[in-house]
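Treat the numbers as computed from the prediction; the structure is a model and nothing was measured. In what follows, every chain begins at residue 1, and chains take the letters A, B, ... in the order their sequences are listed.
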There are 2 protein chains.
Amino acid sequence: MIILGVDPGLTRCGVGVIEAGAYRRLSFIHVDVVRSDPKSPQDRRLLTIYDGLAAKLDEFAPDVVSIERVFAQENRNTVLGTAQAAGMAMLAAAQRNIPVALHTPTESKMAITGNGKAEKIQMERMVARILNLNTLPKPADAADALAIAICHALRPAGAIQGGEREEHLTAAQRQWAKAAQKASRGRTQGRAM
Amino acid sequence: MIILGVDPGLTRCGVGVIEAGAYRRLSFIHVDVVRSDPKSPQDRRLLTIYDGLAAKLDEFAPDVVSIERVFAQENRNTVLGTAQAAGMAMLAAAQRNIPVALHTPTESKMAITGNGKAEKIQMERMVARILNLNTLPKPADAADALAIAICHALRPAGAIQGGEREEHLTAAQRQWAKAAQKASRGRTQGRAM
């Protein structure tokens, strides 16, 4: 199964592609950043991001697109542009009938390091280790896109299906499912995208 | 000149089309709401909104698309979906090489009633009067899309070009230009989309 991860952004939109084989064996395929010029009008920037992401989907034909969830609470200056870049990824996937999964940064950190508050460098090292890379993934900020792809591959079934009984989960999976539930409560409240 | 106004929303996205003739004579062409099902996945909803807006652009071939600006400060539950719907409108316009203009609700109220804090019913009445409609525009929430289109037609040149000297403006235009400047300061701070 090919998973394409997206770390959404209007200036820099990370794209990471992995293959998930049997026994959760993961291998690296591709990592890149789609950029748009901050000096261009907003509509042109969105078109650039959309075209860049659509080209990646056509090149790698993923089975699923895993996108980092954007939160309205993050009242950063860039949050609307980030949400719109995520929207470009969702649209490009929907137009190709590729399923979309949204994962929070906490889910991603939990799935990869077992710690929902892991530091960036710890995440990068674990991403490199999981994908058998000899060096940390470059460019650094595209590592988040690989992380979101890995997160989707390693997610406990219960967190997605909602049908797994808790006693079948390992301690790490239970922690993860708890984080996912918390995130999904955020969703229900309509605060997350 | 054909102007297509968009009042962005993920559940209900208003579309209003007007023609701006000589002497700022405005006439009504079309009003409608593009809807998506709140029970559908986010990516499918965005595809529905995008397809709906793209069809309107192809049908009416506007010279410009005027979109209501979304603000991050509006920390409503729906703000990210609203920003993404606006993103769909911008993308569809950019793909057709149609220029995009963004106007704030305050600019729209100022241009149409001379009062940046006008009530909704006052706006609806003025939209009906300006477009020579015998009844208030229906559906009610699509009136905002017509208002955003009208706002673009009636904007003082100075607010857009930034080159008009203040003494050439009427009192209402000066008020309007002030509102536009305030909005554009918001833009510079990067808080608005």
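Contact of the Met90(B) side chain with the Gln84(A) side chain is registered, since non-hydrogen atoms from C-beta on lie closer than 4.5 Å. Looking at Met88(A) and Met88(B), their side chains come closer than 4.5 Å, going by heavy atoms from C-beta outward. The closest side-chain heavy-atom distance from Ile67(B) to Asp43(A) is not below 4.5 Å.
No more than 12 heavy-atom neighbours from other residues, nucleotides or ligands sit within 6.0 angstrom of CD on Glu119(B). Heavy-atom neighbours of Arg25(B) CZ from other residues, nucleotides or ligands within 6.0 Å: at or below the threshold of 12.
Between chain A and the residues Asp51(B), Asn97(B), Val65(B), Ile49(B), the largest count of heavy-atom pairs under 4.5 Å involves Asn97(B). Of the listed residues (Leu91(B), Leu10(B), Val100(B), Leu46(B)), the greatest number of heavy-atom pairs within a distance under 4.5 Å of chain A belongs to Leu91(B).
Following chains of ILVMFWY side-chain contacts shorter than 4.5 Å, one can reach Met126(B) starting from Leu131(B), so the two form part of one hydrophobic cluster. Residues Val33(A) and Ile150(A) do not share a hydrophobic cluster, defined by chaining ILVMFWY side chains whose heavy atoms lie under 4.5 Å apart. Leu102(A) and Ile148(A) end up in different hydrophobic clusters when Ile, Leu, Val, Met, Phe, Trp and Tyr side chains are linked at under 4.5 Å.
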